Amino acid sequence: MTDLTLRGRSLDKGAVSRWLQDYGVFAAVAALLVFNILFTDNFLSAANFRTQLVQAAPICIVALGMALVIGTEGVDLSVGSVMALSAALVPLYLGYGVVPAILAALVAGLAVGLLNGVLVAYIGIQPIVATLALLVGGRGLALVIAHGQLVDIRDPDMLTLGSGEILGIPIVVVVAAVLSLLIWLLVGRTTFGRRLVAIGDNRTASTLAGLPVRRVLVGVYVICGVLAAAAGVLATARLGAGDPANTGLLMELSAITAVVVGGTPLSGGKVRILGTIFGALLMQLLRATLIKNDLPDSTAQMVQAAVIILAVYVARERGTR
């Protein structure tokens with residue numbers, strides 16, 4: 001009888017862990033929405049919803065790339081620095097036009113992602129170590145390029161990218177939605193996506209099966225770098241200035257949190273795109289809720305850390321069953 005009771009409790013605990021990992025992020029977003037509707041002034045206004053979506057867009061874009069990396073049992077700590085590089089390069093190349101400026105930023109993100117991928121896949125450096133080096137060095141390079149200064153942007157096309165709308169929807173939100181769809185298709189409908197998941201599940205078996213493990217890993221880090229650069233371009237356009245000292249600061253924390261609470265395990269072998277999108281919304285809503293209720297931004301960062309610990313614990317509990 002005691003054995004049956006213990007088994008029942010174990011099953012109940014396992015079911016709760018599975019539910020939290022699969023649906024917890026959606027429940028948390030719904031709970032925050034209800035709380036804000038009831039207790040936060042002017043939360044239901046269209047302007048506020050627009051603001052929340054616009055501010056969540058860069059987090060979502062970076063988190064999509066982070067989800068791919070974590071799906072291979074890796075991590076990319078350099079995404080914030082890549083955003084800073086974009087903030088430094090866009091004003092530098094705007095004299096040649098908006099498209100060359102955006103391309104310069106995206107190429108920089110590609111280069112950082114390529115370097116990360118080579119260090120991880122071919123040299124065998126642990127992802128956290130390889131990307132930590134670029135976390136420090138990338139932002140330093142961005143500050144050197146910008147001479148440590150904030151550079152105003154006056155190009156109307158670039159400013160429109162940050163504040164304009166398409167059919168009443170902010171351009172930055174449209175870009176985030178399109179990229180989300182593309183990454184969802186990449187993971188769920190392509191050979192590359194299936195290989196990515198297989199490598200994260202068992203890299204040794206994938207190698208023995210003849211999968212191009214190194215090429216896939218490099219590709220994943222390149223995509224992550226390009227997405228981070230795109231987020232940096234949008235953040236720069238929204239700000240109306242290149243600010244490499246602050247653009248993307250602590251973005252790696254928000255992106256990792258969004259991915260983990262969205263149900264993608266740090267152990268790899270699974271990528272949840274919809275969960276990642278809602279994870280990004282959760283991070284933005286959580287920060288906005290705390291600030292709108294007169295709590296400092298530092299408190300939001302501590303809450304994010306607590307959310308990461310809880311999400312990792314839930315994933316670990318499920319993984320041991």
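Only heavy atoms go into these numbers, but all of them, side chains included; no hydrogens, no water, no symmetry mates. In this text the structure is predicted, and so the values were computed from the model without any measurement.
- Under the rule for a side-chain contact (heavy atoms from CB on, under 4.5 Å), the partners of Ser180 that lie at least two apart in sequence or sit in another chain are Cys60, Leu64, Ile277.
- Residue Leu134 holds its CG atom at 5.0 Å from CG of Leu115, rounded to the nearest 0.5 Å.
- In the hydrophobic clustering of this structure, Leu185 groups with Ile273; members are Ile, Leu, Val, Met, Phe, Trp, Tyr whose side-chain heavy atoms approach within less than 4.5 Å, directly or through other members.
- The hydrophobic clustering, which links ILVMFWY residues whose side-chain heavy atoms are closer than 4.5 Å, places Leu103 and Leu89 apart.
- To the nearest 0.5 angstrom, Ile123 atom CD1 is 10.5 Å from Arg214 atom CZ.
- In this structure, the side chains of Val90 and Ile102 stay at 4.5 Å or more apart for every pair of heavy atoms.
- Within a 6.0 Å sphere centred on CZ of Phe192, other residues, nucleotides and ligands contribute more than 12 heavy atoms.
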#### Entry: Test side-chain hydrogen bond (donor to acceptor under 3.5 Å, both in side chains) applied to Thr131 and Asn116, step by step
CA-CA 6 Å; Thr131 59; Asn116 283 333; 5.6 Å; no

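- Closest approach of Thr264 and Ala67 over heavy atoms only: CG2-O, 4.3 Å.
- Between Ala229 and Ser86, the shortest heavy-atom distance links the atoms O-OG, 3.0 Å.
- We find the CG-CG distance between Leu132 and Asp76 to be 11.0 Å, quoted to the nearest 0.5 Å.
- Under 3.5 Å, the side chains of Thr191 and Arg194 contain a donor-acceptor pair of N or O atoms.
- With hydrophobic clusters built from ILVMFWY side chains whose heavy atoms lie under 4.5 angstrom apart, Phe39 does not share a cluster with Phe49.
- Listed by chain and residue number, Asp297 satisfy the salt bridge (Lys or Arg N to Asp or Glu O under 4.0 Å) test with Arg287 (two or more places apart in sequence, or in another chain).
- Within the 4.5 Å cutoff, the side chain of Ile183 has heavy atoms near those of the Ile223 side chain.
- Contact of the Val175 side chain with the Leu234 side chain is registered, since non-hydrogen atoms from C-beta on lie closer than 4.5 Å.
- For the pair Thr72 (side chain) and Val69 (backbone), a donor-acceptor distance under 3.5 Å is present.
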Scan the side chains in residues 143-159 for donor-acceptor partners under 3.5 Å anywhere in the protein, sequence neighbours excluded, and list what turns up.
{"residue": "Asp155", "atom": "OD1", "partner": "Asp157", "partner atom": "N", "Å": "2.9"}
{"residue": "Asp155", "atom": "OD1", "partner": "Met158", "partner atom": "N", "Å": "3.1"}

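- Here the closest heavy-atom approach between residue Pro58 and residue Ala231 is recorded as O-CB, 3.9 Å.
- To the nearest 0.5 Å, atoms CG (Leu33) and CG (Leu38) are separated by 11.0 Å.
- The CZ atom of Arg195 sits 7.0 Å away from the CZ atom of Arg215 when rounded to the nearest 0.5 Å.
- Remark: the backbone N or O of Ser45 is not paired with any side-chain donor or acceptor of Arg50 at under 3.5 angstrom.
- Listed for the Asn48 side chain is no donor-acceptor partner under 3.5 Å among the backbone atoms of Leu44.
- In this structure, OG1 in Thr236 is found 9.5 Å from CG in Leu94, a value given to the nearest 0.5 Å.
- Side-chain contact check for Val112 versus Leu85: some heavy-atom pair is nearer than 4.5 Å.
- Side-chain contact between Phe43 and Leu285 is present, with heavy atoms from C-beta onward closer than 4.5 Å.
- Minimum interatomic distance between Val197 and Gly269 (heavy atoms only, all atoms of both residues): CG1-O, 3.2 Å.
- Heavy-atom minimum distance, Met83 versus Ala235: CE-CB, 4.1 Å.
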